[in-house]
Structures are given as structure tokens and as C-alpha cells.
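One structure below.
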Amino acid sequence: MDLNRLTATEAARLIAARRISAEELVVACLARIEEREPVVRAWAFIDADRAVREARRLDRLKRPRGPLHGIPVGLKDIIDTRGMPTEYNSPIYRDHRPRRDAEVVSRLRAAGAVIFGKTKTSEFAYLEPANTRNPHNPRHTPGGSSSGSVAGVADFMMPLALGTQTGGSTIRPASYCGVFAFKPTYQRVPVTGIKALAPTFDTVGEIARSVEDLALLDSVLCARAEPRNTTRRGIRIGFCRTPFWTQTERSTRNVLAKTARALAAAGFDIQDVALPPEVELVSDGFYVVTGAEAAWALAREFRDHREQLSPVARRLIEHGGRLDADEVQRVRAATMHCALAVDRLFDGYDALLTPAAPGEAEKGNALGNNVFNRLWTAMHLPCLTIPAGTGPAGLPVGIQLVARRGADRTLLGLGQRVAALISERASAGRPRTADRADR
């Protein structure tokens with residue numbers, strides 16, 4: 001059994017039953033990191049000795065500490081961690097060591113997770129990329145800005161990781177790397193202790209290799225009780241191509257069409273749905289709000305260490321500082337109006353089926369286009385990406401499900417059903433050469 005390939009849910013069950021130890025799981029994941037890190041470059045910092053010591057300590061306990069007892073987790077390097085560097089991929093913060101954990105890290109530790117270290121991110125989670133590579137093909141990007149977290153989970157270095165999303169920084173790279181990811185409703189999971197870029201949008205991102213694992217991780221990060229959809233009518237899915245459909249590649253159009261057909265065949269009610277015209281203003285205005293808020297969030301860095309900022313970060317802050325307040329408010333008002341109109345759409349739909357990214361991961365080290373993500377992030381809606389196929393280069397392509405604000409656990413439950421259907425469809429399409437060879 002390759003322990004590093006276990007999902008978090010599988011590993012937690014085996015550890016609780018004493019069939020494997022936390023130390024065995026941690027050592028297997030560390031061995032994978034040692035083997036693959038020179039290629040993937042997922043890590044900004046990792047403390048292997050500390051992880052092994054923590055696993056041994058957990059193994060000595062008489063009962064599991066919590067639902068993530070012994071499970072390795074990677075953290076995007078804009079999330080504060082006590083006892084580890086948090087550098088935001090900026091020379092300004094080289095060897096910066098926070099005095100306390102971010103709130104999400106405290107919750108992970110309390111649940112028994114083993115914090116492996118810090119995964120690579122773009123500078124301040126904006127557009128200056130890290131050097132992380134796509135584990136499926138190192139000539140291609142993993143996407144960003146949560147590049148190291150997504151690539152590490154995809155490459156079986158750890159079963160769970162946290163990223164963040166301001167535009168599309170969790171959902172899009174998860175699609176590029178073929179893993180599952182969840183962006184919760186805005187402010188549902190605390191961002192205390194996470195470096196701000198645009199506080200109106202910044203949201204924790206959850207990354208795993210199954211929807212079941214995302215639900216497990218989410219239960220730790222957001223422990224409050226939430227209502228589930230109890231309607232007895234059939235599930236209704238709105239097929240939402242968005243006004244930006246012309247930016248999709250054939251691979252994305254194919255996986256969405258196949259998923260819609262599979263859902264319809266399984267009894268889901270699939271209907272085309274259009275968004276209100278204001279969404280284009282919201283999408284175009286995303287960088288207006290981001291620039292204005294980044295100019296505030298990074299004001300000290302710009303004032304005291306301007307020469308150590310990348311040119312792209314300096315341009316963002318300078319542009320944001322010149323913006324007219326009326327223009328920023330106009331975009332915010334349009335976003336609120338659009339969010340209310342989209343909320344009314346969910347009176348008739350349980351979720352929207354929409355692109356997670358334009359297509360496969362690009363060559364090189366670009367972060368990728370967030371046109372199919374920033375709209376939902378701006379409206380504070382929960383989003384889930386599920387691997388659904390591959391493109392012409394053999395790289396993963398995902399779909400995205402979007403739900404009403406606050407319907408996070410309903411979305412995760414629906415996502416498990418959709419993921420199972422996609423898996424069944426993929427299995428049915430595989431040639432059974434091994435069976436024939438056995439006969």
C-alpha cells in the first residue's frame with residue numbers, strides 16, 4: 001500500500017483503527033516529497049523532523065485528538081504559522097516568523113493535523129508567480145497563486161492543503177492539476193492571520209483529492225451548524241456558460257457537455273441559465289476593487305521597501321492609489337446588484353454548472369486566466385471544482401459548481417454525487433484490456 005496515495009478520509013480511518021500509524025503516513029509523504037520536490041518545487045519551507053516528532057506524539061495518545069489526527073497538511077505561505085517562516089514569496093519578509101498561528105492553523109492543530117510546512121505562492125498571492133511546476137507535465141504551469149498547495153496534493157505529497165482565493169487562486173489551479181478544491185462562502189472560514197491583498201474578496205481555499213476529504217477538512221475549519229437543502233424535488237442544475245464562453249477551449253466545452261449529459265441521464269434537471277448583464281461590469285471591475293484595496297493592504301511595504309517589490313506589485317499599488325473613489329464605489333454597487341440578481345436565480349436551481357478554467361494549463365509559469373472565477377469570488381459565492389477529463393495535451397480539465405451564498409454543505413453533498421457520476425462515466429469508458437488478458 002502506498003500510504004502517501006491515501007485520501008485523508010481513508011488515512012484517518014486507518015489511523016483511528018490502528019492499522020497504520022501517523023508516523024508511517026508522515027514518513028511515506030516525506031519520502032514522496034524528497035523524490036519529487038526537485039521537479040515539482042511545491043515547498044517554500046518544510047520541517048521533516050518536526051513533522052515526524054509530532055506524528056510520534058500523536059501515536060502515543062490513547063485516542064484520536066480529532067478528525068484529522070495524524071493527517072499531513074500543507075499551508076500556502078501567506079498563512080501565518082508559529083515556529084515556521086511565513087515569507088509571502090517576498091524578499092521583504094525573508095525568514096519572517098509570526099508569533100502566533102492564523103486561526104485556521106489553530107483549528108487544524110486542534111483537530112490533530114500534522115503541519116508539514118509552507119507551500120509556494122506568488123508574491124503576496126498576486127501575479128508574480130512562484131517557480132512551482134505542474135506535476136502532470138513540468139513544462140506547464142500548476143496555476144496560481146495557490147500553486148504549491150495544489151501541486152503538492154496532486155503529486156501525492158500530502159492529502160490536504162490550504163490555499164486562498166482572491167480571484168481564482170484555488171479553483172483554477174485545482175482544475176489545472178486535477179484535484180478537488182472548495183472556495184467557501186466569503187467570511188465563512190476566518191482569515192485572521194492571513195496576509196491580506198483585497199479584503200473584500202480574500203477567502204481561504206480548501207484542497208484535497210476527493211469531495212469527501214473536502215467535507216472533512218471543511219468541518220474542521222467551519223464547525224458551526226448549517227442548514228442543508230431538505231427539498232424533496234429533483235436536483236436542478238443551471239448550465240451557465242457565462243458571457244465569457246468564447247474564451248473557453250474545446251477541452252472545457254467537452255467536459256462540461258459530457259457532465260451535463262451524465263447528470264441528465266442520472267435524473268438531474270439540467271437547464272441552460274443566463275446571468276444578468278451586469279456581470280460583465282463586475283468582472284471588468286474586479287481589478288478596480290483589488291487595486292484600491294491592495295494599495296491599502298500593502299501600503300507599508302510600498303512605503304518602506306518599494307525597491308524589493310516586483311514591478312507587477314508596484315504597478316498594482318500605484319494604480320490602486322490613483323483610483324477615484326467614485327469609480328470604486330460604482331463597481332461595488334454593481335457587484336451588490338448583480339449578487340442579489342444571481343441569488344434570485346438560486347430560487348430555481350441548486351447549483352450552477354460552469355467552467356473552472358478556460359482549458360488545460362498553459363506552458364510556462366503563468367498563473368492562468370481567472371475570468372471564470374473572479375465573478376463568483378466577487379459575489380462571495382461558494383465554488384467547488386471537480387476533475388472531469390483531460391485535454392489534447394493530456395492535462396486535467398475540471399468543472400466548477402457554484403451555489404447560493406451560505407449553501408456550502410449542500411454544495412459539498414451535491415458535489416459528492418456529481419463526482420461519483422463523473423467517476424462512473426470515466427470507468428465505463430476505459431477499455432477492459434486487463435480483463436481480456438486474464439481470460
Side-chain angles (χ1 to χ4, degrees), residues 2 4-8 28-46 48 71-79 87-89 115-123 125-165 168-183 204-210 213-214 217 356-357 359-370 373 385-387 390-391 393-398:
D2 292 330
N4 64 293
R5 291 180 177 265
L6 292 171
T7 66
C29 290
L30 290 172
R32 177 67 175 183
I33 292 170
E34 184 176 5
E35 173 192 0
R36 291 282 294 167
E37 178 62 8
V39 174
V40 179
R41 303 174 184 174
W43 295 92
F45 173 84
I46 190 162
I71 304 301
V73 180
L75 301 173
K76 184 175 181 177
D77 195 29
I78 65 165
I79 301 173
E87 297 181 338
Y88 320 121
N89 193 15
I115 306 302
F116 262 19
K118 311 307 286 293
T119 58
K120 289 184 179 177
T121 174
S122 58
E123 178 196 31
Y126 190 55
L127 297 181
E128 184 68 19
N131 65 349
T132 308
R133 298 170 173 175
N134 192 308
H136 297 275
N137 186 331
R139 293 190 297 272
H140 291 252
T141 180
S145 61
S146 304
S147 48
S149 290
V150 170
V153 171
D155 202 52
F156 304 100
M157 294 179 175
M158 68 286 197
L160 298 175
L162 294 189
T164 61
Q165 180 156 308
S169 296
T170 293
I171 294 295
R172 183 187 62 258
S175 179
Y176 282 178
C177 291
V179 295
F180 297 79
F182 181 56
K183 186 206 78 69
V204 171
E206 306 169 15
I207 302 152
R209 290 197 295 272
S210 73
D213 279 10
L214 290 175
L217 176 58
E360 292 176 296
E362 303 99 312
K363 284 186 176 180
N365 209 30
L367 297 184
N369 186 346
N370 67 9
N373 314 118
T385 190
I386 298 171
T390 56
L395 294 172
V397 179

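Nothing fancy with the numbering, it's 1 onward along the sequence. Computed from a predicted model, the values in this text were never measured in an experiment.
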Spacing of [X] atom [atom1] and [Y] atom [atom2] [to the nearest 0.5 Å]:
| X | Y | atom1 | atom2 | value |
| --- | --- | --- | --- | --- |
| Phe45 | Lys118 | CZ | NZ | 9.0 Å |
| Glu360 | Leu395 | CD | CG | 4.5 Å |
| Ile115 | Leu75 | CD1 | CG | 4.5 Å |
| Ser169 | Lys183 | OG | NZ | 11.5 Å |
| Ile386 | Ile171 | CD1 | CD1 | 10.0 Å |
| Asp213 | Leu160 | CG | CG | 5.5 Å |

### Query
Partners of Glu128 by side chain to side chain donor-acceptor pair (under 3.5 Å), sequence neighbours excluded?
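For Glu128 there are no side chain to side chain donor-acceptor pair (under 3.5 Å) partners, ignoring immediate neighbours.
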
### Task
Verify the distance criterion only: is there a donor paired with an acceptor across the side chains of Lys76 and Ser147 at less than 3.5 Å?
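No.
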
Under a 3.5 Å distance rule, please check whether [X] uses its side chain to pair with a backbone N or O of [Y] as donor and acceptor.
| X | Y | result |
| --- | --- | --- |
| Glu37 | Trp43 | yes |
| Arg209 | Val153 | yes |
| Ser146 | Thr164 | yes |

### Task
Using the test side-chain contact (heavy atoms from CB on, under 4.5 Å), find all partners of Arg32 that sit at least two apart in sequence or belong to another chain.
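By the side-chain contact (heavy atoms from CB on, under 4.5 Å) rule, Arg32 matches Asn4, Arg5, Glu35, Arg36, Asp155, Phe156, Met157.
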
### Pairwise side-chain hydrogen bond (donor to acceptor under 3.5 Å, both in side chains) hits with a residue in residues 129-139, at least two apart
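Pairs touching residues 129-139 that pass the test: Lys120-Asn131.
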
### Side-chain heavy atoms of Pro142 within contact of Cys177, under 4.5 Å
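The answer is yes; the side chains approach within 4.5 Å.
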
### Query
Considering all heavy atoms of both residues, which atom of Phe116 and which atom of Ile46 are nearest to each other, and what is their separation?
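Looking at all heavy atoms of both residues, the closest pair is O-CG1, 3.4 Å.
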
